[in-house]
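Read the numbers this way: they start at 1 and go in the same order the structure lists the ligands and their atoms.
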Amino acid sequence: MKEAVVKIRTRYAPSPTGKMHVGNLRSALYEFLIAKHEGGSFMLRIEDTDQERFVEGATEIIYRTLEKTGLKHDEGPDKDGGYGPYVQSERMKTGIYMKYARELIDKGEAYYCFCDKERLASLKTEVVEGKEITIYDKHCLSLSQEEIEANLAAGKPFVIRQNNPSEGTTTFHDELYGDITVENAELDDMILIKSDGYPTYNFANVVDDHTMNITHVVRGNEYLSSSPKYVRLYDAFGWKIPVYVHLPLITDENHKKLSKRSGHSSFEDLMEQGFVAEAVINYIALLGWSPEDNREMFTLEELIREFDYHRISKSPAVFDIVKLRWMNGEYIKAMDFKVFYRMAEPFLKKALTKSFDLRKIAAMVKTRIEVLPDIMEMVSFFEELPEYDTDMYTHKKMKTDKASSLEVLWEVLPLLEKQADYSNDGLYQMLVHYVEEKGCKNGYVMWPIRTAVSGRQMTPAGATEIMEILGRDETLRRIRKGIEMLENA
Ligand code: GLU
């Protein structure tokens with residue numbers, strides 16, 4: 001018999017705790033791609049049960065980022081798909097977590113714990129994977145039913161803990177890491193319901209993923225070590241365990257975990273630094289995943305087609321900002337001019353206050369920048385002739401030196417004074433004519449002119465294009481200045 005086809009359902013489950021970290025965005029992207037690749041559904045769930053870590057405005061950041069990156073969710077707090085509420089604090093109000101916690105208590109898989117801070121602080125700590133943790137000693141597991149009821153009736157604060165066995169092992173499967181087996185004695189009786197009544201992430205993620213029919217869970221591998229405890233919860237309820245995909249760590253250039261210190265660890269940082277959302281998404285897709293042919297440039301549509309989570313690598317992915325800059329430059333080159341201009345205009349306006357043809361300047365820089373703010377440095381010479389050294393007039397390949405440059409500038413000055421047509425074409429024809437008469441190479445003439453009008457070794461355009469932008473008066477002023485500098489050199 002044919003097995004019923006289960007529609008893939010993935011979820012992105014961010015906690016609204018601040019900026020959108022690159023690692024979180026990668027989880028969202030992979031969840032989105034896994035669902036869309038199979039025609040499934042991608043859901044947004046806000047995990048706000050940790051009230052202490054909640055940051056005002058962080059939920060808006062999540063929506064804005066999904067919108068900007070094109071990771072459109074099919075269901076979420078703003079789009080009901082029949083599995084709501086989609087915000088954990090609202091789910092809590094429905095009593096769902098408490099109901100399931102009680103079910104576990106009835107099954108002997110969880111228990112009330114009334115231990116106070118002092119008692120917990122006196123428990124011995126152990127170092128597990130470099131972290132100090134306190135393994136709860138199951139003190140409250142031995143309370144009698146009467147004691148529990150008396151405590152509850154007296155309003156004594158409590159938490160609900162998972163009851164893990166002290167013997168045996170638990171095995172679970174991760175799509176990338178394979179089967180992982182742990183000793184049950186190592187599993188802490190983690191808290192499921194906190195004293196404020198909120199569920200912990202550890203409990204809520206299981207209850208929600210099950211009740212919201214999630215088929216694939218994709219998340220950072222910092223959750224790998226807790227997964228046996230989640231698996232025990234699924235088993236205790238008799239629920240089907242979702243497919244787990246734990247993603248490799250993202251590191252900085254120094255192979256340390258990518259953190260705020262790098263200055264580019266969040267989507268907002270990258271946007272502020274002038275990156276293009278499409279390029280960021282393309283780059284992030286490659287942080288752990290690669291297609292068979294090692295191709296690098298992908299639109300979101302192409303990623304949906306090509307993405308196969310079985311090809312995610314377990315080794316840490318290095319976030320290489322140099323590579324991202326390159327990729328961003330490629331996106332800018334390929335971008336529609338109108339779209340580019342809209343993005344470039346604020347930077348052009350910041351750098352250039354005089355009345356220049358900004359569209360022409362934008363066209364010059366479009367193929368030469370990596371990120372948008374590069375524009376400002378690149379075009380600032382239009383606004384103000386920078387201080388420069390006359391050594392710049394000497395160029396081996398162009399066969400120019402200070403004396404030849406002075407001669408050329410002297411000769412072209414009257415031609416430029418006479419010239420009425422200051423368009424790029426008009427200027428070019430006039431100068432090429434002069435080059436022919438002189439019987440030299442183009443560069444022999446264009447190099448000193450470009451140097452004089454820009455004061456730069458590198459410019460986003462040739463001499464005549466620059467002069468067209470500067471206009472007659474400013475061009476003549478700069479040529480005269482060059483002559484004066486060369487005479488005094
Ligand atoms: N709320 C968790 C986080 O933001 C989600 C982890 C998960 O995807 O299960 O890290």
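No heavy atom of Y12 sits closer than 4.0 Å to any atom of ligand 1. Heavy atoms of R11 approach ligand 1 to within less than 4.0 angstrom. At least one heavy atom of A13 sits less than 4.0 Å from an atom of ligand 1.
Protein heavy atom closest to atom 1 (N) of ligand 1, with residue, atom name and distance, is E47 OE1, 2.6 Å. The single protein non-hydrogen atom nearest to atom 6 (C) of ligand 1 is Y201 OH, 3.3 Å, given as residue, atom name and distance.
Relative orientation of the F42 and Y12 rings is parallel, given thresholds of 30° and 60° on the angle between their planes. Between F307 and Y30, the ring-plane angle classifies as tilted under the 30° and 60° cut-offs. Y201 and Y230 have perpendicular rings, their planes meeting at more than 60° on a 0 to 90° scale where under 30° would count as parallel.
For ligand 1, the atoms sitting less than 4.0 Å from at least one non-hydrogen atom of S15 are 1 (N), 2 (C), 3 (C), 4 (O), numbered in the order shown with element in parentheses. Of all atoms in ligand 1, numbered sequentially from 1 with element shown, those under 4.0 Å from a heavy atom of R219 are 7 (C), 8 (O), 9 (O). Residue Y223 approaches ligand 1 through these ligand atoms, each under 4.0 Å from one of its heavy atoms: 2 (C), 3 (C), 6 (C), 10 (O).
Closest heavy-atom contact between R456 and M378: NH1-O, 3.9 Å.
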Problem - side chain to side chain donor-acceptor pair (under 3.5 Å) evaluation trace for H246 with R219 - result: CA-CA 5 Å; H246 286 92; R219 60 185 166 213; 3.2 Å; yes
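Using modelled atom types, one finds no donor on one side chain facing an acceptor on the other under 3.5 Å when comparing N205 with Y223.
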